[in-house]
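No hydrogens, no waters, no symmetry mates; every other heavy atom, side chains included, goes into these values. Residue numbers begin at 1 in each chain, while the letters A, B, ... track the order of the sequences.
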Amino acid sequence: MPLLQVKNLTKRFGGLKAVNNVSFDIQAGEIVGLIGPNGAGKTTLFNLISGILHPEEGHIILDGQPLNQLSPPRRSLAGLGRTFQVVRPFAMTVLENVMVPLLARDPHMDKARDSAMQMLALLRLEHLADAQPDSLTLAQRKRIEVARALATRPKLLMLDEVLAGLNPTEISENLPIIRQVHEQGVTIFIIEHLMDALMAVSQRVLVMELGALIASGTPQEVTSNECVIKAYLGEETPTC
Amino acid sequence: MELIIQVLVSGLLIGGVYALISVGLNLIFGVVRIINFAHGEVLMLAMYAAFWLNKLFGMDPYVSALLVLPALFLFGVLLQRVIVQPIQEASANMQIFATVALSLILQNLALIFWKGDFRTVQTSYAMSTLEVMNIIISVPRLIAFLVALASILLLYGFLKHTFLGKALRAIVEDNTVARLMGIKVDRLYLLAFGLGAAFTALGGILLIPFSSVYPMVGGPFTLIAFIVVVLGGLGSMSGTFLGGLFIGVVESFGGTYVSPALKEAIYFGIFILVLLVRPQGLFGKGKGTEEIGLK
Amino acid sequence: MSAKRLQLLGGVLFAAIIAVPAFVESRFILHMVTLIFFYIAMTSAWNIPVFGGKMSLGHAAFFGLGGYTGAILYVKFGVSPWIGAAAGVAVSLLGGVVMTLPLLRLRGPFFTLASIAFAEVLRMIAIDWRSLTNGSVGLNIPFKPGWANLTFQSGKPFYFLSLILAVAVVFVAYRLRHSALGFHLRASASNDEAAQALGVDTRRAHFIALLWSSGLTGLIGVFYVFFIYVVEPSTMFSLTLFSLQPALNGIIGGIGTIWGPVIGAIVMTPFGEYLRFYLGTIQQGLNYVVYGVVLILTVNFIPGGIVSLVRPKRSNRSDGSGSSSDTKEAR
């Protein structure tokens, strides 16, 4: 059974179908990339899966459990973790930021502090534990975002542009972290604009355009797919 | 049956004025994104202005609109510039504090200058009525309704068809994009606040022939306007209009069949009921409601 | 100042506070300090939901519910105020549930507005329900001194009772802020969407915070009524006295922090009483004009309150004021 099943998902904003009849599966242990031009509906899809938005039609099933009726926090408890494209850490220290999801599961303060420290160590942030996030670089804040999501011990981790806006050095620092998280057994679903980076980490890539899923396959298959090329070159209605 | 229709008609008439006042609030809230807790005090000032112009110069309240509306337009502009603009980027809680403080100041200044007495304007037409099919209609209330309706339509046309109106709507849609498109957002904030205040002031002018003014008169109107905006949906003129009528009718029935003293309790009850049953607002379209937090 | 010195200073100050009634005979000073303690308790209780960015301007509702419950039970049914206090807490908790459940759907400003309306509605009910509340005249607490009746000849017992209340409420607020609940509230205040995505049931957190706050405020209300011997709708449900005042104390001291409400109450209570007695008698309403001006100046120049001046980089950052659960940053 796939870890995540998305069936015929549709979300309308007024007359616009932001997500149009999208279906796909993600198997446990995969890293799946999601690409598409701006406005293709990628973040909307993430918001539907994490419960911030509600679909008009379709089903979302995580590890056999239907998510449609669950609130965002319940989906998180069910094993769904995510980061946000615009990172806004909580106005508390880095350590406390990471303690928040832990305390949502077990109110024991000392335990949460210890686990949060371990999580920071994993993401090489332990020296910043007592810093206020707004004094940090974007790359560091994005790593806090990942650390927080990872602290929920997700079965599926959805990363929304965790590399965008970083310089090449920072990307080469943050990229291995994604691999490392994956090696710990976390399944990853990742939106990324930086093609090279995405292609480097993904085993499989989904392509969205105008709300619909237009292609799926290995990075090589997708990059040679004519539809995808057309979509990126800006053809109005890709005929495929 | 006749009583019911009578109650319905008077509810609709007063509801028109509520709609007008709420449209003023909706404009300010939609464009400037500030919760103006001193909204009712603008109404209070307009009512006092009309009262004094009548008392001192014998000016008819409707005629005094020619002076009062521009004056309160300027007052609105001034409020935006002096009180709101400095805290435009502050958190909502800080904005609440500032406008609550403003309301406290205006109420108590009115108390200091004009005392706590209830004041009314005497006019020849205050008591005149029309009778249509056994339903008695108060003339000043009918005038209030018609003028309110006309001015809401006028505002609607302005927003829909003029350049400035379109710019205002663009800000309601997306502030940042509007700014990027070269719209002078800060100036339009001044315009929106001024217009909002003027519309509210017009509400005050329309009320004064049949209701009294006192320093705390504005409080319930602030509450009504907010409830109407929630009911009607942010940025929706038609929703606000319907919401205003709805509150007017509810108040009219509640006042007749329950107790006039519990008017506010009834609004509040409806407000809560709507939140429970239809959180997107009675006529809301969904967009504004997310803004308010009624998801 | 080092932490040790601060602790020492605090200890000395506290000892002095306890010793005051032994040396001070002035009823006026005792009354004033008692009032300060009451306002410390009230402001700290009000401040608990503010950890999560929810600012109520209707806390007079809970204050009045508690006070009325205690007074009605005592005056009408002869029930001891100590039992009345428990009942008062229960009733204000109930009020908290009624107000909070529907209102939690509302984002910041609308929550605040609805909270004002809630207190107003209760005030009108208190005026209207004459058989129970004696209408706008209210109920007087008969003067029968004794601990059982919570009525005293001297001002000293209430000095200590209010001190205990203040310390207890500040302690509860402190514990809550440093518990899991406190983390959830602070997370929700700064980014509610993210907090939810991390598994925090933020609505539940706000609900619990408001229950603590309403229950404690009700308890304070009961004691306050026996302190002033009277309940009447215009005082107990007063927007300016018990809804705005705690908020004002809070913002002057620093909302969403532990010490802000304490400092705010210490500074603002004597100031407010001074204004009320001197300016208020010269010209009714003038004191509130001054209040309004102070409030606007504070919002503009020290939005973090006095604590932000003392400790510019700490705890004042995570208050409700930096919240993005409000309309502003949601754009």
Heavy atoms of other groups near B:Arg81 CZ, more than 12 under 6.0 Å: no
Contact check, side chains of B:Asn108 and C:Leu286, non-hydrogen atoms, under 4.5 Å: no
Straight-line distance of [X] [atom1] to [Y] [atom2], nearest 0.5 Å:
X        : Y        : atom1 : atom2 : answer
B:Phe97  : C:Leu295 : CZ    : CG    : 6.5 Å
C:Met55  : B:Ile96  : CE    : CD1   : 4.5 Å
B:Asn93  : C:Ile255 : CG    : CD1   : 5.0 Å
C:Thr298 : B:Met94  : OG1   : CE    : 9.5 Å

Chi angles and distances behind the side-chain contact (heavy atoms from CB on, under 4.5 Å) call for B:Val100, C:Leu57: CA-CA 10 Å; B:Val100 165; C:Leu57 288 180; 3.8 Å; yes
Donor-acceptor contacts, no H, no angles, side chain residues 117-129 of chain C, under 3.5 Å, sequence neighbours left out:
| from | atom 1 | to | atom 2 | distance (Å) |
| --- | --- | --- | --- | --- |
| C:Glu120 | OE1 | C:Arg123 | NH2 | 3.0 |
| C:Glu120 | OE2 | C:Arg123 | NE | 3.4 |
| C:Trp129 | NE1 | C:Ser131 | OG | 3.4 |

Greatest number of heavy atom pairs closer than 4.5 Å to chain B - which of C:Val289, C:Leu248, C:Leu244: C:Val289
Non-hydrogen atoms of B:Ala101 and C:Gly292 that approach each other most closely: CB-O, 3.5 Å
Heavy-atom pair of closest approach, residues C:Asn300 and B:Pro86: OD1-CB, 3.2 Å
Proximity breakdown for C:Val293 and chain B, heavy-atom pairs closer than 4.5 Å: both
Side chain / backbone / both / neither for C:Leu297 at chain B, heavy atoms under 4.5 Å: neither
side-chain contact (heavy atoms from CB on, under 4.5 Å) between B:Ile105 and C:Ile296, intermediate numbers included: CA-CA 10 Å; B:Ile105 291 172; C:Ile296 288 183; 4.0 Å; yes
Worked verdict on B:Phe37 versus C:Ile116 for side-chain contact (heavy atoms from CB on, under 4.5 Å): CA-CA 11 Å; B:Phe37 277 78; C:Ile116 296 179; 3.7 Å; yes
